[in-house]
Peer 1: 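Sending over a structure as structure tokens; questions will come in a sec.
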Number of protein chains: 2
Amino acid sequence: MKYIEKLRKSGLRPTKQRLQICEVLFDTERTFHFTINDLVKKINEKLNHKISLATVYNTVHAFEKKGYLKQIPINSNQTYFDTNISDHHHFYDLKEEKLIDLENSDVGPINIFKKIDGKKIKSVEVLVKLED
Amino acid sequence: MKYIEKLRKSGLRPTKQRLQICEVLFDTERTFHFTINDLVKKINEKLNHKISLATVYNTVHAFEKKGYLKQIPINSNQTYFDTNISDHHHFYDLKEEKLIDLENSDVGPINIFKKIDGKKIKSVEVLVKLED
DNA sequence: TTACTACTTTATAATGATTCTAAAAAGGTG
DNA sequence: CACCTTTTTAGAATCATTATAAAGTAGTAA
Ligand SMILES: [Mn+2]
Ligand SMILES: [Mn+2]
Ligand SMILES: [Zn+2]
Ligand SMILES: [Zn+2]
């Protein structure tokens with residue numbers, strides 16, 4: 001399996017559950033945005049059995065910490081994650097409640113003129129809210 | 001009181017609780033960011049009695065709907081609000097877990113080249129995460 | 001293979017922010 | 001005041017997320 005090495009390199013044991021979650025998350029044509037609930041549904045569809053909810057949470061957080069997933073800041077009662085870990089921005093369709101990627105070429109360069117002493121910029125994220 | 005008219009114009013009855021919350025939120029030198037919990041603490045400090053939690057939630061949401069408060073999208077278990085309703089962006093200090101305003105002059109113009117059919121841009125918000 | 005240890009999974013309970021409920025209180029109007 | 005609507009409130013309910021702790025598994029070295 002191609003994910004075994006990836007997990008080992010990260011210091012994560014390649015367990016059955018983690019490998020199966022890798023398949024659901026990363027064996028896709030396109031990247032996508034999801035909540036934990038979305039992911040549990042995908043797992044139940046793709047596999048014919050369940051992975052415990054605690055494991056799904058644990059795994060997603062482990063993957064996020066290792067940089068294989070990104071969390072998207074958005075006002076929702078649920079946390080949104082992204083399998084697209086490149087630097088990029090988002091549309092948020094308020095009616096559909098769906099995120100849409102804005103690739104870097106879709107957004108002009110962003111200049112931040114203000115500086116805070118002793119702090120470095122870690123990331124710059126743009127959220128563009130869409131209405132009808 | 002200066003807030004009575006403001007509330008009346010919005011179709012909100014100027015109740016004692018709403019006026020007191022107005023004082024805590026808007027009788028300040030500077031705008032600020034807060035969670036519901038922060039606000040409850042401020043109310044308990046400024047006034048010598050409590051306003052029920054449900055009323056604080058109701059009022060904040062009513063004010064947000066009327067445009068007197070903004071919600072700031074951020075990854076937190078609590079919802080952050082802003083008394084600065086101008087178009088502006090934010091630093092988020094990851095260690096302090098504090099928002100810092102970026103005025104429009106602190107950020108260069110932002111160009112979004114992508115369009116989605118039938119959708120209009122409602123807002124563009126930049127979140128700049130800071131680390132040490 | 002076996003034994004050992006650390007890590008992982010799991011069911012379940014706990015937490016905590018937010019929302020709901022429905023009855024009491026207060027505002028607006030005449 | 002009398003009437004009606006809106007608002008407040010305490011408390012319960014909801015629900016995403018995290019914690020717990022016992023059972024299972026992976027890695028490793030004898
Ligand atoms: Mn969802
Ligand atoms: Mn706070
Ligand atoms: Zn994305
Ligand atoms: Zn602000």
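In what follows, chains carry the letters A, B, and so on, assigned in the order in which the sequence lines appear, proteins first and then strands, with residues in each chain numbered from 1. What you see is a predicted model; the values in this text were computed from it and never measured. Side chains included, hydrogens not; waters and symmetry mates left out as well; all remaining heavy atoms used.
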Peer 1: Does a side-chain N or O from Gln17(B) land closer than 4.0 Å to OP1 or OP2 of dA25(C), or not?
Peer 2: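 The answer is no; no side-chain N or O of Gln17(B) sits under 4.0 Å from OP1 or OP2.
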Peer 1: Using whole Å, what does the distance between atom P of nucleotide dT8(C) and atom CD of Gln20(A) come to?
Peer 2: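 To the nearest whole Å, that distance equals 16 Å.
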Peer 1: Where the side chain of Pro14(A) is defined as all heavy atoms beyond and including C-beta, which of dA26(D), dG28(C), dT10(C) is the nearest nucleotide?
Peer 2: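 Nearest to the side-chain atoms of Pro14(A), counting from C-beta on, is dA26(D).
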Peer 1: If you measure only the distance, is there a donor-acceptor pair under 3.5 Å linking the side chains of Asp27(B) and Tyr3(B)?
Peer 2: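 Asp27(B) vs Tyr3(B): donor-acceptor pair found between side chains.
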Peer 1: Under 3.5 Å, is there a donor-acceptor pair linking the side chains of Thr35(B) and Asp38(B)?
Peer 2: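 Thr35(B) vs Asp38(B): donor-acceptor pair found between side chains.
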Peer 1: Hey, does the side-chain of Arg18(A) have a donor or acceptor N/O within less than 3.5 Å of a partner on the base of dT8(C)?
Peer 2: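 No, no donor-acceptor pair under 3.5 Å.
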Peer 1: Answer yes or no: does a side-chain N or O of Thr55(A) lie under 4.0 Å from OP1 or OP2 of dT10(C)?
Peer 2: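 It does, given that an N or O in the side chain of Thr55(A) lies less than 4.0 Å from OP1 or OP2 of dT10(C).
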Peer 1: Looking only at non-hydrogen atoms, find the nearest pair between Val24(A) and Phe32(A) and report the distance.
Peer 2: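 It is O-CZ, 3.8 Å.
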Peer 1: Can you tell me the distance, in whole Å, between the NZ atom of Lys50(A) and the P atom of dA11(C)?
Peer 2: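 In whole Å, dA11(C) P and Lys50(A) NZ are 11 Å from each other.
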Peer 1: Between Asn77(B) and Asn58(A), just flag the one whose closest nucleotide in DNA chain C comes earlier from the 5' side.
Peer 2: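 Nearest-nucleotide comparison on DNA chain C picks Asn58(A).
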Peer 1: Distance check: side-chain N/O of Thr15(A) vs OP1/OP2 of dT9(C), anything under 4.0 Å?
Peer 2: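 Answer is yes, contact under 4.0 Å.
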Peer 1: Is any side-chain N or O of Arg8(B) closer than 4.0 Å to OP1 or OP2 of dG28(C)?
Peer 2: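 Affirmative; the distance criterion is met.
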Peer 1: Report yes if a side-chain nitrogen or oxygen of His61(A) is closer than 4.0 Å to either non-bridging phosphate oxygen (OP1 or OP2) of dT17(D); otherwise report no.
Peer 2: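 Checking dT17(D) against His61(A), no side-chain N or O comes under 4.0 Å of OP1 or OP2.
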Peer 1: What is the separation between atom CG on Leu39(A) and atom P on dT17(D), rounded to the nearest whole Å?
Peer 2: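 To the nearest whole Å, that distance equals 12 Å.
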Peer 1: Between P on dT9(C) and CD1 on Ile43(A), what's the gap in Å once rounded to a whole number?
Peer 2: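 Between P of dT9(C) and CD1 of Ile43(A): 11 Å.
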Peer 1: Rounding to a whole Å, what distance do you find between Leu53(B):CG and dA13(D):P?
Peer 2: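 Leu53(B) atom CG is separated from dA13(D) atom P by 17 Å.
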Peer 1: Between Lys120(B) and Asp132(A), does any side-chain N to carboxylate O distance fall below 4.0 Å?
Peer 2: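 A salt bridge is absent here (no side-chain N lies under 4.0 Å from a carboxylate O).
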Peer 1: For the pair made of CG in Leu19(B) and C1' in dT8(D), what is the distance, rounded to whole Å?
Peer 2: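 After rounding, the gap between these two atoms is 14 Å.
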Peer 1: Toward the 5' end of DNA chain D, which comes first, Ala54(A) or Arg13(A), by nearest nucleotide?
Peer 2: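 Here Ala54(A) is the residue nearer the 5' end.
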Peer 1: In this structure, how many angstroms lie between the C1' atom of dA26(C) and the CD1 atom of Ile4(B), rounded?
Peer 2: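 In whole Å, dA26(C) C1' lies 14 Å from Ile4(B) CD1.
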Peer 1: Is there a side-chain contact between Thr79(A) and the phosphate of dT17(D), meaning an N or O under 4.0 Å from OP1 or OP2?
Peer 2: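 Yes, Thr79(A) has a side-chain N/O under 4.0 Å of OP1/OP2 on dT17(D).
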Peer 1: Between atom CD in Gln78(A) and atom C1' in dA17(C), what is the gap in whole Å?
Peer 2: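 Answer to the nearest Å: 14 Å.
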Peer 1: Can you check whether Tyr57(A) has a side-chain N or O nearer than 4.0 Å to OP1 or OP2 of dT18(D)?
Peer 2: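 Answer is no, no contact under 4.0 Å.
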Peer 1: Taking NZ, NE, NH1 and NH2 as the nitrogens, is one of them in Lys114(A) or Asp101(B) under 4.0 Å from a carboxylate oxygen of the other?
Peer 2: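 Looking at Lys114(A) and Asp101(B), the cut-off is not met.
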